[in-house]
There are 6 protein chains.
Amino acid sequence: MPTPTTKSPSRRPNHLRPVTIKRYPAASLSPASILIELGRTRVLCTASVETDLPPWLRKEVGPDGKPSRGWVTAEYAMLPGATPQRSKRGPNSRATEIQRLIARVLRAAVDLQQMPGLLITCDCDVLSADGGTRVASITGACVALAHALDWSKKQGLLPKTAKPFLGPVAAVSVGLVDGAPHLDLDYALDSRADVDLNVAMDHRGRLIEVQGTAEREPFTRKQLDQLLDLAATGIRRLMSAQRKLLRQR
Amino acid sequence: MPTPTTKSPSRRPNHLRPVTIKRYPAASLSPASILIELGRTRVLCTASVETDLPPWLRKEVGPDGKPSRGWVTAEYAMLPGATPQRSKRGPNSRATEIQRLIARVLRAAVDLQQMPGLLITCDCDVLSADGGTRVASITGACVALAHALDWSKKQGLLPKTAKPFLGPVAAVSVGLVDGAPHLDLDYALDSRADVDLNVAMDHRGRLIEVQGTAEREPFTRKQLDQLLDLAATGIRRLMSAQRKLLRQR
Amino acid sequence: MPTPTTKSPSRRPNHLRPVTIKRYPAASLSPASILIELGRTRVLCTASVETDLPPWLRKEVGPDGKPSRGWVTAEYAMLPGATPQRSKRGPNSRATEIQRLIARVLRAAVDLQQMPGLLITCDCDVLSADGGTRVASITGACVALAHALDWSKKQGLLPKTAKPFLGPVAAVSVGLVDGAPHLDLDYALDSRADVDLNVAMDHRGRLIEVQGTAEREPFTRKQLDQLLDLAATGIRRLMSAQRKLLRQR
Amino acid sequence: MPTPTTKSPSRRPNHLRPVTIKRYPAASLSPASILIELGRTRVLCTASVETDLPPWLRKEVGPDGKPSRGWVTAEYAMLPGATPQRSKRGPNSRATEIQRLIARVLRAAVDLQQMPGLLITCDCDVLSADGGTRVASITGACVALAHALDWSKKQGLLPKTAKPFLGPVAAVSVGLVDGAPHLDLDYALDSRADVDLNVAMDHRGRLIEVQGTAEREPFTRKQLDQLLDLAATGIRRLMSAQRKLLRQR
Amino acid sequence: MPTPTTKSPSRRPNHLRPVTIKRYPAASLSPASILIELGRTRVLCTASVETDLPPWLRKEVGPDGKPSRGWVTAEYAMLPGATPQRSKRGPNSRATEIQRLIARVLRAAVDLQQMPGLLITCDCDVLSADGGTRVASITGACVALAHALDWSKKQGLLPKTAKPFLGPVAAVSVGLVDGAPHLDLDYALDSRADVDLNVAMDHRGRLIEVQGTAEREPFTRKQLDQLLDLAATGIRRLMSAQRKLLRQR
Amino acid sequence: MPTPTTKSPSRRPNHLRPVTIKRYPAASLSPASILIELGRTRVLCTASVETDLPPWLRKEVGPDGKPSRGWVTAEYAMLPGATPQRSKRGPNSRATEIQRLIARVLRAAVDLQQMPGLLITCDCDVLSADGGTRVASITGACVALAHALDWSKKQGLLPKTAKPFLGPVAAVSVGLVDGAPHLDLDYALDSRADVDLNVAMDHRGRLIEVQGTAEREPFTRKQLDQLLDLAATGIRRLMSAQRKLLRQR
């Protein structure tokens, strides 16, 4: 299948690609459905609320016999047509690794004790993949998760006074391309990068996840430091895109 | 999860819901990616071209040892968040039945002998489900299929003179609601219908598939006739929506 | 493996193949085991009764907390040696589509409210396949289903006064062969047919399912009408074969 | 589901149940389809010939680059309605163990070097299960296997002079019931047995497979000897039932 | 991968390979973990206790509503690197057959009524495979099972007075190599053997399981007798190796 | 099942647990089988060589049509009895994530161009799990990998002059326990840790993988720095344990 012909406009190494985060579909059937676009990468993030906890959590009850906390999980998948070369449907090891990462980061955005008995599943489905799908998933799903928690209150599934959402979390990828740090790798940059680092932070700038991989050459502590600095810059900008939608709640 | 609160505006029984068919994403990575919206039902249809035929077809070769025809297949899936109640990922018997229907109808839109050696897979992924997802899939995927065939010519995978696309096919659902025929059932209507009939036609108004099911009460030949008449009306209108995009090729 | 050498005797286009429906084995371990032979097609249909409803139905209870209805489901499979070319065991998409059809039609033969708490599974195992296996399955399984309901009353699983069986349903295939309508397609005819139509009716001659597929050329409304007329003839004759065994109950 | 009500007529401990072995269906689509009835146990055994060897055997070629031998394998399954209590479809560990046994014994009936390049799969599908299904499968499938080898010669897949069939093999079950040896256990006897022994022999009375299991109490060498004597008697009688059909070849 | 180069020292046909049975790891996390070495064959056998019975056994309760018995099951697997040629992970039909054998024999070592409500799973993982892995598994797992039952008493899961362990069981393989009986076949011997017989006995020398297979030539009753005599010798010696560890309890 | 009762002896936060790396079994069937013990964590690491590349790599050939590089992959699994609470066999998402990490790090230890046409699979099977199984797997498997490459030269699968092994890689876990950095977390420490960081380095002290996760509280850049310093110390000590075995080659 085709190699994309429209070339990405040239971009500074410390700039994000254009980012938009919006409810989708506009008149959604779901209270918590977010489309995030990061350049040509598009991910539809939906957060669904169930009152049926996973089996291993059912035993954790308070003195009143009721669940003492809730849970947040995530599923990640690419539509087969999301890449120029069609990919097969169904679970694969890359998706498994990614959805475990997404779920861990999202759980850092909530106080599970403040959402007892609720299971929220964040589905991140990649409509179009041009690099950075896992970090776009985290950044978009965090907004869907906040919306789902609001909706749960409105439905009476949580008390009005509950404060399960601790604040936004977001993630970005950075890498060493031709020896120099570069923010927000698209597919073409990622293919050339020596190091690929995915970083997730909370709203206070603290680290939630750091996953750095030497794709070709191992890297030094100094290079890691430069990459982490660059990631912090990118995440701040992603959070300002999240905040618009979070404020509307 | 929520019951949709925005009520569909009232609609005449012989009217389609608003329909739009467009390329999506606009600046797509793929040459053949179509989003169809039928009311609140949204399906992303992508047609991918491969030159690797399914094993059972590899033996069908011409005197020159080359493949004597191509093949068109389809896959259908709902995103977990496409319905108010989250659905599980992965194959299920309903999806299997639907994707076999979609593929049979799409094959009626092409001359397989005119696309030797090509396998085209039409992926129909439901982003939002409010009834009629299988007929929307057929109607959208037919456009993606035409685009993929054009693209194959441009890439030199087919000779310029090949004419694999025979003309549009489209499908619509009709049903008996409170005893009266109704065109294009959304989820609320479908739940109340006694009979559910899916009809696919070619551009000359001939029948490709007729699938009628008595959900509650069996139906008479006369009722079947009324439903088929109504279906023909709907399909004509869907084809005019298809034609705009087909003409742009 | 072999091509069958015994040729089917020539048959008029509006005649069924020879049909027999009988209990099998004669001194059966099961109260509801039917062998149907339609020409060289043979299907063993067994109806098994369980008191364990499927999970999604367990919630439907009446004011007394007891199940308010029952359920009928079907499974369809071919023995590997049922065709000259051995087929693989295990679920496949064709079988999935067929067993969904069988189950829908069988449910039209019963009043589910009159069999609360019972799950009846109709297994249709094709011993020998020469075309028309799905319609033979429906026609045979309907008799097994009636027997299983009788047996349930004798076992005290249903009250003596319950009337869950509404009357026989049967199905037949018809097709356009060399442009002309033909009843009850065997494998050789089916391979040559332009259109394949499976029709299921109730004992009052009303339609339960209509599934028509253009295998090669799309078809007209007029052709559909001819095929439906022919199907009605065939179904009447199948029902008289069913009635002998149903009367013995 | 029901407990069988028709009681087996009383039978001496050293007698087989009534046994019949016949082609089924009479006018079969397949050249090698055998129905064996052992009391109320019925197994349909079909032997299918393919010229596609399993991957691990493809490397075994002679100096001419052609396969140096063939292979015989078996599959065993119960129809869901074969027992009063419906069983689930699909592979299970009991069936796996049984089909490995069947295949090993059948391979002792042939000279694999005399059938180079052929894969014969013997499908043993239990239509009705009342004990002894694995030994009935072996005894019936051996006849189907011989027929399939004859057919292969007629089709020119093997030279006329090839002698792949070495002679019949058959199997029987024996057990200790109430401390005494009993031949050919039906379900009721098997449930009461302390020891269950399945024995397969060749036409010269030599042992191919001996599988004895203490279901309750371990057993002595002397008891094993008594059981093996009894098994030899039963197998001789089964072989005379096989010979009628083998002679007709 | 490599063919083992270190040749087994020559051994008399009626001698076992060197056998050691010990707790492993020495300071184990588990109360019931045994490593058995039989020549170069090494199997790690762990017995785990759960109080959650398999579903089909949950209904078997006494008059007090409590479980009337327990259950013992087994799982067998080879590490991928246990053989010179790497094997794939995951269930396979050979492993299924073997673990069913192991479990049947182990259940003969216990009185299930004396361990009500307990499920003990004996995992037999082959670290290194040089023939005889199934009999080594039985012999090692029997010791782990005894340890797990002791531990269950100490934990208060069984009353101090319960006597669930009936005494050791052990198994050995024997075969006909070059026409002569040979005890305890390693891989090289097994590849040359005409008959392979696995025998399991209880501590009173009675037979629990006899599984004999003609790998090449069928065998006579007299040969079977010689093999059974030899097996009894080997099993007595294995039981003395078991007893050291059983006495330490 | 039991909670381990033997308490780990108290250990300084900047000390590793006792580590041993050795060939296992001593007289192994395999040329590349390593047992690593890190405290009570034990992992058996085997490296197997195949000359059959994965399908996606088969196309990468040089001008001579021969493979231009090789590949290293890894599989990770826990024996069911490796933990006090028995775990189920078979793939799971945690194992998938871990084996992808192991494989990426091991590939940094080799020059794939120097081992054209070889696929080396490193199986890491956890015999006993007390924390740190993934880093022990990396550290042990690296030695097995080096041995397998040596063996490949001896077998003539690689030219004597090839230098595929670049030098040892090793990994360690560090964490924040009660706010303070701690090296090499065992299970008890890991359960209490706020942050869990796995670090893999090459023999020049450069980073290959950094995977840090906030289990409870997000962490600061300063804390990350402290943890990375500590990890470097631990990895140096692990490499000296590796070197003994690597030198013996």
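No experiment lies behind these values; they were computed from the predicted model shown.
Taking CD from A/Glu50 and CD from B/Gln85, the interatomic distance works out to 6.5 Å, rounded to the nearest 0.5 Å. In this structure, A/Leu44 CG and B/Leu44 CG are separated by 10.0 Å, a value rounded to the nearest 0.5 Å.
Remark: B/Gln99 engages B/Glu75, B/Tyr76 in a side-chain contact (heavy atoms from CB on, under 4.5 Å) (not counting sequence neighbours).
Of residues 109-125 of chain B, those residues with a non-hydrogen atom less than 4.5 Å from any non-hydrogen atom of chain A are, in numerical order, B/Thr121, B/Asp123, B/Cys124, B/Asp125.
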